[in-house]
Amino acid sequence: MSKDQKETRILVTYQSQTGNTRKVAEAIYEVLPEPKEIRPLKEAQSLEEYSLIFLGFPVHGSGPNPKATSYLENNTKDKQIALFITHAAPEDAPEMPESVQKFCDAAGEADILDVFHCQGQLSSIVKTVMRFAPDPQVREWAKMDNSKGQPDASRLEKAASFAKRVMEKQNTPVLSNGE
Ligand SMILES: Cc1cc2nc3c(=O)[nH]c(=O)nc-3n(C[C@H](O)[C@H](O)[C@H](O)COP(=O)(O)O)c2cc1C
């Protein structure tokens, strides 16, 4: 690296209640070049020292939960970020673009390099609660759920490819995994 090239310091940070978004975060982290760090969102108080941040969240109620919204609104201004999102609905569900857009809107003052989203298994506790929800639509969603086992290996591979694409946009080399 030449003297005038600034080193890209990368952070992967995520919110994850049941581990799906954390798995995606780890798949992303694995292919990123040093210097890099990975930590849960609650341990990433400030993004100031990082030049590129991968931020991951689960969809809660068709978008970011209040903590995610406030974090994105208050911490990402003028930062280069890449978003990754997990949700129980299939990737091609008609409501997904709108749900994903809500995360982008919350990070409206950031430079969003790319967004990745994939299915993540709905926890059995949440599914049970949904089965007894007053809203028939929610009960229907619980019945239709096909997210078991997600994110699977192919989705984690796609997450790694997403990270590589983001790094290419950054013009920073990625670690080779022999592909
Ligand atoms: C309170 C709550 C609300 C949720 N709302 C949605 C939703 O609106 N749409 C959806 O596709 N998945 C929804 N999910 C499922 C999660 O987004 C999905 O299981 C995600 O992968 C969980 O990520 P995590 O394991 O990192 O917490 C919801 C889950 C919870 C707990």
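Read the numbers this way: they start at 1 and go in the same order the structure lists the ligands and their atoms. No hydrogens, no waters, no symmetry mates; every other heavy atom, side chains included, goes into these values. Keep in mind that what you see is a predicted model, and the values were worked out from it rather than measured.
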State whether the side chain of Thr13 and the backbone N or O of Leu55 hold a donor-acceptor pair below 3.5 Å, judged by distance alone.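 Such a contact is absent between Thr13 side chain and Leu55 backbone.
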
Please determine whether residues Met96 and Met144 belong to a single hydrophobic cluster, defined as Ile, Leu, Val, Met, Phe, Trp and Tyr linked transitively by side-chain heavy-atom distances below 4.5 Å.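 In one cluster: no.
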
Side-chain contact, heavy-atom cut-off 4.5 Å: Val24 with Leu156?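 With C-beta onward as the side chain, the pair touches.
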
Determine which pairs satisfy ring pair (Phe, Tyr, Trp, His ring centres under 6.0 Å) with at least one residue from residues 99-118, sequence neighbours left out, and list them in order.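 Residue pairs with at least one partner in residues 99-118: Phe57-Phe103, His87-His117, Phe116-Phe162.
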
Answer yes or no: is there an ion pair linking Lys164 with Glu168, defined by an N-O contact shorter than 4.0 Å?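 Answer for the salt bridge query: no.
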
Run the salt-bridge test on Asp152 and Arg155 with the 4.0 Å N-O cut-off and return the result as yes or no.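 Yes, charged N to carboxylate O under 4.0 Å.
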
So which residues, sorted by chain and number, lie with a heavy atom under 4.0 Å of ligand 1?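 Protein residues near ligand 1 are Ser16, Gln17, Thr18, Gly19, Asn20, Thr21, Pro58, Val59, His60, Gly61, Ser62, Thr86, His87, Ala88, Ala89, Gly120, Gln121, Leu122, Val126.
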
